[in-house]
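This report concerns only the one structure given below.
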Amino acid sequence: MTTFIWVAVVVVAVVAVVAVGYVMLQHQKRRSRLRTRFGPEYERVVAEHDNRREAEEELLAREQRHAELDIRPLAQESRDTYAKRWRDVQERFVDAPMFAVTEADQLVAAVMAERGYPTEGFEERLAYLSVGHAATLDHYRKAHEISGRAARKEASTEDLRQAMVHYRALFEELLEETTRGR
């Protein structure tokens with residue numbers, strides 16, 4: 001009987017070790033997938049939270065909310081129209097840089113809306129964009145920050161030029177993307 005008990009204890013211990021190993025492997029796979037998908041946004045969100053698990057839960061929630069959206073590619077005609085509008089905004093930059101930066105921000109929001117992204121509030125935009133556009137998200141943050149300084153008359157013409165460069169990075173990605181976000 002004691003041999004049976006020892007065998008049972010060993011079997012339970014082995015099963016427990018395998019189960020713990022499996023759970024840890026699943027966490028590592030999830031973490032790796034989130035790091036790949038969110039890029040630098042992963043580390044930024046981790047730094048904002050008390051622990052990595054909470055940050056990863058937020059990122060998973062972002063993915064779930066994003067999956068519920070009807071993100072669609074732009075028709076070629078819309079892409080052509082937006083590209084022309086962007087060229088017009090860039091041309092206006094020479095005479096009215098602050099106005100052009102405001103227009104660039106509005107143009108990015110218009111493309112987002114037509115693609116199916118919610119456009120209420122900057123933080124919400126960031127959360128939705130982070131799922132499919134993590135690589136250009138910092139550009140959008142920097143452009144928005146400069147726009148805020150410009151509204152307070154604290155941005156130089158060079159700052160405004162940088163804002164245009166940052167807006168263009170996200171604008172071009174949103175414009176050219178076909179179905180990658182789905």
Side-chain angles (χ1 to χ4, degrees), residues 32-48 58-59 61-152 154-182:
S32 177
R33 186 186 64 76
L34 289 171
R35 275 191 170 134
T36 299
R37 177 139 200 194
F38 287 94
E41 183 70 2
Y42 176 89
E43 294 303 330
R44 194 190 67 70
V45 172
V46 167
E48 287 180 351
E58 178 182 323
L59 294 172
R62 287 184 188 185
E63 284 183 324
Q64 180 146 4
R65 287 190 311 266
H66 184 273
E68 294 168 1
L69 298 175
D70 180 23
I71 304 299
R72 55 204 169 273
L74 295 174
Q76 185 62 48
E77 182 179 322
S78 288
R79 290 199 329 250
D80 293 344
T81 299
Y82 283 122
K84 183 190 179 318
R85 287 177 60 190
W86 183 263
R87 286 189 302 273
D88 293 345
V89 168
Q90 285 185 297
E91 288 173 12
R92 278 193 285 284
F93 182 84
V94 174
D95 294 324
M98 197 155 51
F99 180 69
V101 167
T102 300
E103 277 189 297
D105 182 52
Q106 293 169 349
L107 196 51
V108 166
V111 172
M112 286 177 63
E114 188 168 335
R115 295 275 324 272
Y117 287 99
T119 57
E120 300 296 319
F122 181 69
E123 291 301 320
E124 182 180 8
R125 287 186 220 172
L126 286 174
Y128 282 109
L129 288 171
S130 70
V131 177
H133 302 280
T136 53
L137 205 57
D138 277 342
H139 285 288
Y140 192 39
R141 271 195 184 89
K142 289 174 184 172
H144 183 75
E145 185 272 325
I146 294 168
S147 292
R149 285 193 288 127
R152 297 185 306 272
E154 298 172 356
S156 69
T157 302
E158 176 57 23
D159 291 334
L160 296 172
R161 187 188 72 72
Q162 285 297 314
M164 291 294 291
V165 169
H166 292 307
Y167 277 127
R168 184 175 57 223
L170 178 59
F171 176 80
E172 288 176 347
E173 187 172 298
L174 287 168
L175 202 64
E176 295 305 319
E177 183 181 53
T178 53
T179 58
R180 188 181 48 187
R182 289 187 66 99

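Just so it is clear, the values below take in all heavy atoms, side chains as well, and ignore hydrogens, waters and symmetry mates.
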### Task
Please list all pairs passing the side chain to side chain donor-acceptor pair (under 3.5 Å) test where one or both residues lie in residues 88-105, with sequence neighbours left out.
K84-D88, W86-Q90, R92-E103, D105-Y167
### Message
How close do A134 and G39 get, counting heavy atoms only, and between which atoms?
### Response
CB-N, 4.3 Å
### Query
Where is the tightest heavy-atom contact between D138 and P40, given as atom of each residue plus distance?
OD2-CB, 4.3 Å
### Message
Evaluate R62 against S130 for side chain to side chain donor-acceptor pair (under 3.5 Å), listing each step before the verdict.
### Response
CA-CA 8 Å; R62 287 184 188 185; S130 70; 2.9 Å; yes
### Query
Which heavy atom of S147 sits nearest a heavy atom of V101, and at what distance?
OG-CG1, 3.3 Å
### Message
Quick one, E176 with L74, criterion side chain to side chain contact (heavy atoms under 4.5 Å, CB included). Give me CA distance, side-chain angles, the key distance, then yes/no.
### Response
CA-CA 8 Å; E176 295 305 319; L74 295 174; over 6 Å; no
### Interatomic spacing from CZ in R125 to CG in L137 - rounded to 0.5 Å
12.0 Å
### Query
With a 6.0 Å cut-off on ring centres, are Y140 and F122 close enough?
yes
### Message
Quick test of your reading of the model: are R141 and E145 salt-bridged, counting only N-O distances below 4.0 Å?
### Response
no
### Query
What pair of heavy atoms forms the shortest contact from R65 to A127, and how long is it?
NH2-CB, 4.0 Å
### Query
Does atom CD of E120 have more than 12 heavy-atom neighbours from other groups under 6.0 Å away?
no
### Query
Do E114 and S78 touch side chain to side chain, with heavy atoms closer than 4.5 Å?
yes
### Query
Atom NZ in K142, atom OG1 in T136: separation rounded to 0.5 Å?
12.0 Å
### Message
Side chains of L34 and E63, heavy atoms from C-beta outward: is any pair under 4.5 Å?
### Response
yes
Just list the side-chain donor-acceptor pairs under 3.5 Å for residues 158-166, sequence neighbours left out, or say none.
{"unit_1": "E158", "atom_1": "OE1", "unit_2": "R161", "atom_2": "NE", "d": "2.9"}
{"unit_1": "E158", "atom_1": "OE2", "unit_2": "R161", "atom_2": "NE", "d": "3.3"}
{"unit_1": "E158", "atom_1": "OE2", "unit_2": "R161", "atom_2": "NH2", "d": "2.7"}
{"unit_1": "E158", "atom_1": "OE2", "unit_2": "Q162", "atom_2": "NE2", "d": "3.3"}
{"unit_1": "D159", "atom_1": "OD2", "unit_2": "R149", "atom_2": "NH1", "d": "3.2"}
{"unit_1": "D159", "atom_1": "OD2", "unit_2": "S156", "atom_2": "N", "d": "3.0"}
{"unit_1": "D159", "atom_1": "OD2", "unit_2": "S156", "atom_2": "OG", "d": "3.3"}
{"unit_1": "H166", "atom_1": "ND1", "unit_2": "H139", "atom_2": "ND1", "d": "2.9"}

#### Entry: Note, Q106 side chain near R85 side chain (heavy atom, < 4.5 Å)
no
### Query
Can we say E41 and R44 salt-bridge, meaning some charged N sits less than 4.0 Å from an Asp/Glu carboxylate O?
yes
### Task
Of all the heavy-atom pairs spanning L69 and Y128, show the shortest one and how long it is.
CD1-CD2, 3.3 Å
### Query
Listed by chain and number, what are the side chain to side chain contact (heavy atoms under 4.5 Å, CB included) partners of R35, not counting sequence neighbours?
R31, Y42, E43, R52
### Message
Just so I know, are the side chains of L174 and L129 near enough to count as touching, which here means a heavy-atom distance under 4.5 Å?
### Response
yes
### Mutual orientation of the aromatic rings belonging to F171 and Y82 [parallel < 30°, tilted 30-60°, perpendicular > 60°]
perpendicular
### Task
Taking atom CD of E77 as the centre, report whether more than 12 heavy atoms of other residues, nucleotides or ligands fall under 6.0 Å from it.
no
#### Entry: Side-chain heavy atoms of L59 within contact of R37, under 4.5 Å
no
### Message
For a quick test of reading the model, state the closest non-hydrogen atom pair linking R115 to P73 and the distance between them.
### Response
NE-CA, 3.8 Å
